[in-house]
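See structure below.
What's counted below: heavy atoms across the whole structure, side chains too, no hydrogens, waters or symmetry copies.
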Amino acid sequence: MTESSAPEHTTDPDELASEFDLSDPAFITNPEAGERWLGGPRPVCRGKFADGSDVWVATGYQDVRAVLSEPTFRSRPPGDSHRASMLSRGIPEDIVDMFDSTLLTMDGDDHMRVRRLVTRALSARRMLTLTPAVTAMAHRLLDDLADKPEPDLIADYAHPLAINVICEMLGVDEHYREQWREWSETLAQALRPNPEQFAPAVRGMARVTKELVEARKAEPRDDLISELVQVHEEDSDRLTDDELVALAMVLVQAGHETVRNLIALGVFTLLQHPDQLKLLKNDPSIASRAVAELVRHTAPVKHTFRRFATEPVEIGGVTVRPGEAVQVVLAAANRDPAEFGCPADLDLTREHNPHLGFGRGAHYCLGASLALIEGEVALTALFERFPDVRLAADPAELAPRYLLAMQRLPVHLSPETDER
């Protein structure tokens, strides 16, 4: 299906090393294990998913792009094996049913129907209209930072901006937002869920979302939930109640986590590359290109959900059989030297940048436009307001692990000489 420079090799799992092992806690927490997958593409090889099942792992740009674009691959395996996989990881049956109603797990006609209904509400043009509100939120948070001796740019800036923007857009009432943040962070651990935390978080989000949907049916507002309710009630291909609730939950989860990671990783990376940061400070007009490069370089989303072959298909020199899963690694694809010049370098002026940071094809991230806007606003506003911001801890202690989001980002806002 795709051309690849990878050598021909066997499809026998026993003859291929299983390096990419999401079932091994060390892989997730060990920075060296994760870094191995960012050093450039390699032939498609075997790996393990979080539940210990076998997967093919694609890391080359062309292979990843092909898997994401080819309709031969689906989000669900044939039959009900995906349910068995989720249940084996401790996810209760009612939660599995809820996930089956999300765009993330839909395919074919159902997926296109739901996506078509919500694309209008999440158009790039509509997202641009949110820029003034995002900018105002960012500046209010920066006002508060000025009074703190050593603010944490995740807890005090990236997180509240991300969660408030997506909740404001959807129409989530303010008194729910901190609870939404806690639920969202629990859902972010879906690869290794703690059933005692995961199920209550999903049920809590569903309960509140249903309340918001019913409230907007009775009294519409100028928010996304109201618009989705209108689509739900007026369109001939209407969203079901479960689809409407699941969609709102996914938007909050993805909108918060991805943007939080983009801002945190963006600031951390720029502070490690002062020459590139200077370019951005001196020429804010490159902000859009800079954020795209940060998405490519830092990979706020490291990989997508697995894709399952529905018929035999060749990827990177191996034959993927029907029912077999492929795990694509976006972070590695975006470091492919066959596609990007000097891929390990951060280059805010990079002109050729067809990164796959938000996926590709039918499941391309619906909120990509909003994430880019938030990233651009957050970074430019921060460095305009505090041009001398610097880390207040050892970078090695703060550096993110492969699949774990950065937890803290303490900084000083003034030059070192001012403190002597």
Side-chain angles (χ1 to χ4, degrees), residues 124 127-128 130-148 150-154 156-158 161-162 165 258-300 334-335 340-355 357-358 368-395 398-400 406 409-420:
M127 295 303 99
L128 279 174
L130 296 173
T131 301
V134 175
T135 302
M137 288 184 196
H139 283 288
R140 285 197 296 270
L141 291 168
L142 292 174
D143 288 342
D144 295 337
L145 287 186
D147 297 328
K148 298 184 177 182
E150 191 177 289
D152 181 340
L153 288 184
I154 293 179
D156 299 325
Y157 190 52
L161 181 63
V165 167
T258 302
V259 173
R260 172 195 182 278
N261 291 344
L262 171 58
I263 296 171
L265 290 168
V267 172
F268 179 77
T269 301
L270 287 171
L271 293 178
Q272 302 303 297
H273 295 79
D275 59 326
Q276 295 298 301
L277 177 55
K278 184 177 180 180
L279 289 176
L280 180 60
K281 290 179 180 178
N282 291 341
D283 185 7
S285 69
I286 71 169
S288 178
R289 190 186 302 180
V291 172
E293 171 67 352
L294 287 167
V295 171
R296 183 198 71 82
H297 190 273
T298 68
N334 286 334
R335 298 283 187 97
F340 303 96
C342 301
D345 294 346
L346 180 71
D347 180 5
L348 300 191
T349 63
R350 188 182 297 272
E351 294 185 1
H352 176 73
N353 192 2
H355 68 79
F358 294 108
S369 295
L370 180 60
L372 292 171
I373 289 169
E374 289 184 72
E376 183 175 340
V377 168
L379 294 174
T380 54
L382 172 67
F383 291 114
E384 285 176 359
R385 180 70 176 275
F386 301 110
D388 298 308
V389 63
R390 54 195 174 84
L391 294 177
D394 184 346
L398 302 176
M406 292 186 68
L409 189 55
V411 296
H412 296 300
L413 299 176
S414 59
E416 188 172 8
T417 53
D418 288 356
E419 298 171 2
R420 295 175 180 173

OG1/Thr298 to CZ/Arg296 distance, rounded to the nearest 0.5 angstrom? 9.5 Å
Roughly how far, to the nearest 0.5 Å, is CG of Leu409 from CG of Leu265? 9.0 Å
Indicate yes or no: at least one non-hydrogen side-chain atom of Asp347 is less than 4.5 angstrom from one of Gln276. yes
Has Arg390 got a side-chain atom pairing as donor or acceptor with Ser414's backbone, closer than 3.5 angstrom? yes
With a 6.0 Å cut-off (strictly less than), is the heavy-atom count around CD of Glu150, excluding the residue itself, greater than 12? yes
Can a cation-pi geometry be assigned to Arg350 and Phe340, taking NZ or CZ under 6.0 Å from the six-membered ring centre and within 45° of the ring axis? no
Any side-chain heavy atom of Val165 sitting closer than 4.5 Å to one from Leu370? yes
Determine the minimum heavy-atom distance between Leu372 and Val291, stating which atoms define it. CD2-CG1, 3.8 Å
Say you draw a straight line from CG of Leu270 to CD of Gln272; how long is it, rounded to the nearest 0.5 Å? 10.0 Å
Between Ala158 and Ala264 the two heavy atoms that sit nearest each other are CB-N, 4.3 Å
What are the two closest heavy atoms between Val295 and His355, and how far apart are they? CG1-CE1, 3.5 Å
Do you know the tightest heavy-atom contact between Leu161 and Glu374? O-OE1, 3.9 Å
Roughly how far apart are Leu141 CG and Leu382 CG, rounded to 0.5 Å? 11.0 Å
Do Leu279 and Ile286 have side chains that get closer than 4.5 Å, going by heavy atoms? yes
Is His297 reaching over with its side chain to a backbone N or O of Glu293, donor-acceptor style, under 3.5 angstrom? no
For Ile263 and Leu379 the tightest heavy-atom approach is O-CD2, 4.3 Å
Answer yes or no: is there a side-chain heavy-atom contact under 4.5 Å between Phe383 and Leu271? yes
Where Ala290 and Leu280 come nearest, the two heavy atoms and their spacing: CB-CD1, 4.3 Å
Inter-residue atom distance Asp156.CG - Asp147.CG, 0.5 Å rounding: 11.5 Å
Taking atom CG of Leu153 and atom CG of Leu145, what is their separation to the nearest 0.5 Å? 6.5 Å
Assess whether atom NZ of Lys278 is packed by more than 12 heavy atoms of other residues, nucleotides or ligands within 6.0 Å. no
Do any N or O atoms from the side chain of Tyr157 and from the backbone of Pro151 form a donor-acceptor pair under 3.5 angstrom? no
Could you work out, with side chain to side chain donor-acceptor pair (under 3.5 Å) as the rule, every residue matching Asp144, not counting sequence neighbours? none
Apply ring-ring contact (aromatic ring centres under 6.0 Å, His included) to His139 and list each qualifying residue two or more places apart in sequence or on a separate chain. none
